[in-house]
Amino acid sequence: MPELPEVEVTRLSLAEPIRGARIEAVALGKPLRWPLGCAPQDLVGQEVVGLRRRGKYLLADTSVGLLLVHLGMSGSLRFGGGLPPAGVHDHFEMLTTRGTLRLHDPRRFGAVVYVHGEQDPVAMKLLDGLGMEPLSDEFSLTAFQTGLKKSRMPIKQLLLAGRLVVGVGNIYASEVLFMAGIRPTTSAARIGPVRAQKLHAAIRTVLARAVSMGGSTLRDFSSAEGVAGHFQNQTSVYGRDGAPCHVCGTPIKVLRQGQRSSYFCPACQRP
DNA sequence: CTAACCTCCTGTTCGC
DNA sequence: TGCGAACAGGAGGTTA
């Protein structure tokens, strides 16, 4: 499941190879979450001039406009020459002078959307309201604490909502709350300064570590170069229901919050 | 305004 | 062994 680290790993592996690539052809497979927003041939001749990330969106700036790419639940990008023939789950393919960019996405929750720029209404709708970037300087402790106090939502669900801070999906939400010693069900507003500081630090630490490990590969995520991640092998709580906590030995528990699984250690994490 | 719920999709896992 | 049901989940849209 691509969360911020997986998207950042993709960006890091793709940014340099694709910079300066001129689009020569675009082919679409089955429909993705949203329509492309232009005719495929409209992209031909445009040059990719940079690759940024906002939350879990990749933003490919072209000489004319902007391509928004979201990996959804099961998406991954590949870029290069000599890719194998496109399969049934390859739904967007872009031939360029530097290689072929391909979106592989079995569940098709992902999307590729072309807009004229970040001020385009379609882009605004998607990007407006996103929270702070956790790995940037804007993610300050004071801003984070202020945001926590404003919500009585369970902290797990506040993190997932992405309005306060972006990029923390289901896997990493469980992990950062374990590191901070906070139960997923704890109301955000009830988190005091000490634990808020721990949570703030945990978000940065866990996400940065996951990026350095190439992200998590639960099924078939890989970087644009096809390299799998390793973070999934060292989760503290995610996916470890019933297994002993690495810190205290207590069996890890799982509960459901908003149709999502939350994993936690009942001893290490306090309400 | 917030928050809970619904929806999209398909590969995998589970229960009988 | 087979097969349908349940599950996984990002996140925008809808409803209360």
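The chains referred to below are lettered A, B, ... by the order of the sequence lines, with proteins before strands, and numbering in each begins at 1. These numbers were taken from a predicted model, which means no experiment stands behind them.
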Nearest-Å distance for atom pair CG/C1', residues A:D90 and B:dT10: 15 Å
N-O pairing of A:R52 and A:E118 below 4.0 Å: yes
Quiz: residues 184-193 of chain A side-chain donor-acceptor pairs under 3.5 angstrom, not counting sequence neighbours:
unit_1	atom_1	unit_2	atom_2	d
A:T186	OG1	A:R183	O	3.1
A:S187	OG	A:R152	O	3.3

Pairwise distance CG(A:L177) to CD1(A:I203) - rounded to 0.5 angstrom: 8.0 Å
C:dG12 OP1/OP2 closer than 4.0 Å to side-chain N/O of A:Y57: yes
Given DNA chain B, 5'-ward residue of the pair A:R108 and A:K150, judged by closest heavy atom: A:K150
Whole-Å distance separating the CG atom of A:L58 from the P atom of C:dA11: 12 Å
A:R163 side chain, from C-beta outward: closest of B:dA3, C:dG10, C:dG12: B:dA3
Selection from C:dA8, C:dG12, B:dA4 that lies nearest to any side-chain heavy atom of A:Q157: B:dA4
A:H70 NE2 - C:dG9 P separation (whole Å): 15 Å
Which nucleotide in B:dG11, C:dG9, C:dA11 has an atom nearest any side-chain atom of A:R33: C:dA11
Interatomic distance where CG belongs to A:D241 and P belongs to B:dC14 [whole Å]: 12 Å
Gap between atoms CH2 and C1', on A:W34 and C:dG10 respectively (whole Å): 9 Å
Validation row, ring centre A:F109 to ring centre A:H70 under 6.0 Å: no
Given DNA chain B, 5'-ward residue of the pair A:M153 and A:K30, judged by closest heavy atom: A:M153
Rounded distance (Å) that lies between atom C1' of C:dG9 and atom CZ of A:R260: 4 Å
Heavy-atom donor-acceptor pair, A:R107 side-chain to C:dA8 base, under 3.5 Å: yes
Quick test: give all pairs of protein nitrogen or oxygen and nucleotides 14-16 of chain C nitrogen or oxygen below 3.5 Å, distance rounded to 0.1 Å.
none

Out of B:dA3, C:dG12, C:dG13, whichever nucleotide has its closest atom nearest the side chain of A:S151: B:dA3
Whole angstrom value for the distance that separates P of B:dT12 from CE of A:M73: 13 Å
Whether A:F109 stacks on the six-membered ring of C:dG10 base, 5.5 Å and 30° limits: yes
Selection from C:dG10, C:dG12, C:dA8 that lies nearest to any side-chain heavy atom of A:Y238: C:dA8
Separation of C:dG10 C1' from A:Y172 OH (nearest whole Å): 14 Å
Pair A:F264 and A:F178, ring centroids less than 6.0 Å apart: no
Under 4.0 angstrom between A:S74 side-chain N/O and B:dG11 OP1 or OP2: no
Side-chain N,O (A:K125) to OP1/OP2 (C:dG12) below 4.0 Å: no
A:N170 CG to A:M73 CE distance, which is reported to the nearest 0.5 Å: 9.5 Å
Least distance between heavy atoms, A:G117 atom then A:L66 atom: C-CD2, 4.0 Å
N or O in side chain of A:H91 less than 4.0 angstrom from B:dC9 OP1/OP2: no
Electrostatic pair A:E133-A:R54, nearest N-O below 4.0 angstrom: yes
